[in-house]
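Please read the structure below before turning to the comments.
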There are 2 protein chains.
Amino acid sequence: MIARCSVDYVGRLTAHLPPAVRLLMVKADGSVSVHADDRAYKPLNWMSPPCRIEEAPGVWRVVNRTGEELRITIEEILQDSSYDLGVDPGLVKDGVEAHLQELLAASPAVLGSGLTLVRREYPTAIGPVDLLCRWADTSADTGTVAVETTRLVEAVPAVGAVPAVGGVSAVGAAGPGEAGRSGRGEAPTAARHAAVEVKRVAGIDAVEQLTRYLELLGRDPLLAPVRGILAAQEIKHQARVLAQDRGIECVVVDYEALRGTKRDELTLF
Amino acid sequence: MIARCSVDYVGRLTAHLPPAVRLLMVKADGSVSVHADDRAYKPLNWMSPPCRIEEAPGVWRVVNRTGEELRITIEEILQDSSYDLGVDPGLVKDGVEAHLQELLAASPAVLGSGLTLVRREYPTAIGPVDLLCRWADTSADTGTVAVETTRLVEAVPAVGAVPAVGGVSAVGAAGPGEAGRSGRGEAPTAARHAAVEVKRVAGIDAVEQLTRYLELLGRDPLLAPVRGILAAQEIKHQARVLAQDRGIECVVVDYEALRGTKRDELTLF
DNA sequence: ATCTATATTTCGAGG
DNA sequence: CCTCGAAGTATAGAT
């Protein structure tokens, strides 16, 4: 329906739309959205299902269970039509995080030489880790395909904008920094693991997420030492800084190239 | 337009919609969205502006500057109408985080007795802190209005679902736990501050965010000791647990009541 | 029902 | 232009 209307929303916040001509869309599930003549994605205002429409002459009250209300006052109807679309077969996607995780699970050595998959979605008390890998003590690092790796070679923090944030073991007693370091110099441990967080775009939140997992896994004697690896198609600068500061490795993955590389060249020595 | 169509999107990912009847919305800015008969908010597929439509018989190609493409193959047109809505006067909002921050800045004592505002959006190397406050050493805690406060009275961690995550000073050497404690017992320090994170709904991410600020501010001798206060209209349980474990205070704020309370009763002694 | 993580997030502000 | 954080985020999946 095209109509001149004003809209009031009272719920999680209060919002008001002064009178103007807008498109009103009422769907089969009772949901309502109000659209202006720009922006493809976001409605000006809306009520998500499940909700109920109480239709009075000139006023629509759309309410949901939690007491939120969308009130549409219709001043003038300019167009009105309806059609039953039926159910939609739905969208088929390719290239999201799940797919990236799948590809990396098939070629874990891309993330670091000697890495082998233990399992995807490794369960922990605070949620599943995207990938848990085991690693051999390969001192020499071979080159990688379609991947640019950043490793914490020096122990120097070098936290540009954030001086000394993690300098005093701010990450945690048995945290990833410690775990990462313990792999070198001391007597080799039987278990060596790596927790991998996969993201399309990695922000600071991804580093925090991985840090929480590492705090937990690093204390498990059956797993320790546990390296942290952040693998993403894009890693934000702030995320990279924080990750390096915490001894977490960053790997930028080229999705297209990885998809081309079904087999892992690194294992074909 | 209501039409039987199939849709292909190639861009940040690849997606396909098999043939079905859907609503196609073309807006004045050239943006296009494809809707099914459910969900008020999200289109099945779309192309955001700025973009261009190349219309051929039976096929719409919608492309943008970055090379993303939405291809709509129209098999049958069932309804077609258009209307020029003109520009929309726009939405007026009330009750978002900025508003809450404003109100709390005006009445900081609501967050804890003796608190006074130093400044809003206090700048740090890792971003601005919502509110920075100074606090007097008021041992007696007066009741607050429209607020339910949870304080770390006992030093016991008691981290329900996440055993011992923060138990071994996982928060950081000079972190908030330490800072919070140093205000009691020892010789009083000249500077006493509180970093306040304001959220409408506070999740674990809010606690992490505040923790990062506290790691930084707690090491500043001009500010320390720095308490951490999480102020929100709603605090998720997990966030509350993590906050308490890290010595961060939680304050639930009633927006409506706070808006009514322009003046802060606590300062009227 | 609640919570967590993702999103072609979108959107806006600030550097 | 990019980066970062908020959103009535919405939405899907898991506990």
Side-chain angles (χ1 to χ4, degrees), chain A residues 8-15 31 33 38-49 51 64-70 90-91 93-101 121 123-130 161 197-206 208-210 212 233-234 236-239, chain B residues 7-15 31 33-34 38-49 51 62 64 66-70 91 93-101 121 123 126-128 130 161 197-206 209 233-241:
Chain A
D8 287 279
Y9 165 76
V10 179
R12 280 168 280 187
L13 58 61
T14 300
S31 64
S33 57
D38 60 356
R39 273 168 297 185
Y41 192 85
K42 197 184 178 187
L44 280 170
N45 226 323
W46 70 95
M47 182 62 78
S48 294
C51 62
N64 70 3
R65 190 172 13 189
T66 53
E68 295 174 77
E69 177 180 342
L70 185 71
L91 191 67
K93 290 183 183 181
D94 175 34
V96 286
E97 185 195 315
H99 221 101
L100 191 57
Q101 187 194 114
E121 303 289 345
T124 77
I126 55 173
V129 177
D130 286 340
E197 176 64 35
V198 180
K199 280 271 187 295
R200 202 180 65 79
V201 180
I204 279 182
D205 53 333
E208 300 286 16
Q209 198 178 337
L210 182 51
R212 289 200 297 272
Q233 286 184 268
E234 186 191 334
K236 301 286 186 189
H237 180 255
Q238 295 273 30
Chain B
V7 184
D8 286 280
Y9 165 76
V10 179
R12 280 166 280 188
L13 57 62
T14 301
S31 64
S33 57
V34 182
D38 60 354
R39 275 169 298 184
Y41 194 85
K42 197 183 178 186
L44 280 171
N45 226 321
W46 70 94
M47 180 63 77
S48 294
C51 61
V62 192
N64 71 3
T66 53
E68 294 174 81
E69 176 180 343
L70 185 71
L91 190 66
K93 288 183 183 180
D94 176 36
V96 290
E97 184 192 315
H99 264 262
L100 193 57
Q101 188 193 115
E121 302 291 344
I126 54 173
D130 286 340
E197 177 64 35
V198 180
K199 278 271 186 295
R200 207 180 62 76
V201 180
I204 280 182
D205 55 331
Q209 198 178 337
Q233 285 183 266
E234 186 190 335
I235 299 181
K236 300 286 185 190
H237 179 254
Q238 296 275 29
R240 187 184 292 268
V241 170

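Just so it is clear, the values below take in all heavy atoms, side chains as well, and ignore hydrogens, waters and symmetry mates. In what follows, chains carry the letters A, B, and so on, assigned in the order in which the sequence lines appear, proteins first and then strands, with residues in each chain numbered from 1.
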Listed pairs, N/O of protein and of nucleotides 9-12 of chain C, under 3.5 Å:
| residue | atom | partner | partner atom | Å |
| --- | --- | --- | --- | --- |
| dT9(C) | OP1 | Arg200(A) | NH2 | 2.5 |
| dT9(C) | OP2 | Arg200(A) | NE | 3.0 |
| dT9(C) | OP2 | Arg200(A) | NH2 | 2.6 |
| dT10(C) | OP1 | Trp46(B) | NE1 | 3.3 |
| dT10(C) | OP2 | Arg12(B) | NH1 | 3.4 |

Contact check, side chains of Val129(A) and Glu121(A), non-hydrogen atoms, under 4.5 Å: no
Arg39(B) vs Leu44(B) side-chain heavy atoms within contact, under 4.5 Å: yes
How far does [atom1] of [X] sit from [atom2] of [Y], to the nearest 0.5 angstrom?
| X | Y | atom1 | atom2 | answer |
| --- | --- | --- | --- | --- |
| Glu97(B) | Gln233(B) | CD | CD | 10.0 Å |
| Ile204(B) | Glu208(A) | CD1 | CD | 11.0 Å |
| Leu100(B) | Leu13(A) | CG | CG | 12.0 Å |

Nearest-nucleotide 5' precedence on DNA chain D, Met47(A) against Pro123(A): Met47(A)
May I have the distance from [X] (atom [atom1]) to [N] (atom [atom2]), rounded to whole angstrom?
| X | N | atom1 | atom2 | answer |
| --- | --- | --- | --- | --- |
| Glu121(B) | dA13(C) | CD | P | 13 Å |
| Gln101(A) | dG13(D) | CD | P | 14 Å |
| Arg240(B) | dT2(C) | CZ | P | 15 Å |

Sole residue of Met47(B), Glu68(B), Glu69(B) in side chain to side chain contact (heavy atoms under 4.5 Å, CB included) with Val62(B): Met47(B)
Nearest-Å distance once atom C1' is located in both dG14(C) and dG8(D): 24 Å
C1'-based separation of dA7(D) from dA7(C) [nearest Å]: 13 Å
Do any N or O atoms of the protein come closer than 3.5 Å to N or O atoms of nucleotides 3-6 of chain C, and which pairs are they?
| residue | atom | partner | partner atom | Å |
| --- | --- | --- | --- | --- |
| dT6(C) | OP1 | Glu97(A) | OE1 | 2.9 |
| dT6(C) | OP1 | Glu97(A) | OE2 | 3.3 |
| dT6(C) | OP1 | Lys199(A) | NZ | 2.9 |
| dT6(C) | OP2 | Lys199(A) | NZ | 2.6 |
| dT6(C) | O5' | Glu97(A) | OE1 | 3.4 |

Candidate pair His99(A) and Lys93(A), rule side chain to side chain contact (heavy atoms under 4.5 Å, CB included), full reasoning: CA-CA 10 Å; His99(A) 221 101; Lys93(A) 290 183 183 181; over 6 Å; no
Pair Asn45(A)-Leu70(A), side chain to side chain contact (heavy atoms under 4.5 Å, CB included): steps then yes or no: CA-CA 8 Å; Asn45(A) 226 323; Leu70(A) 185 71; 3.6 Å; yes
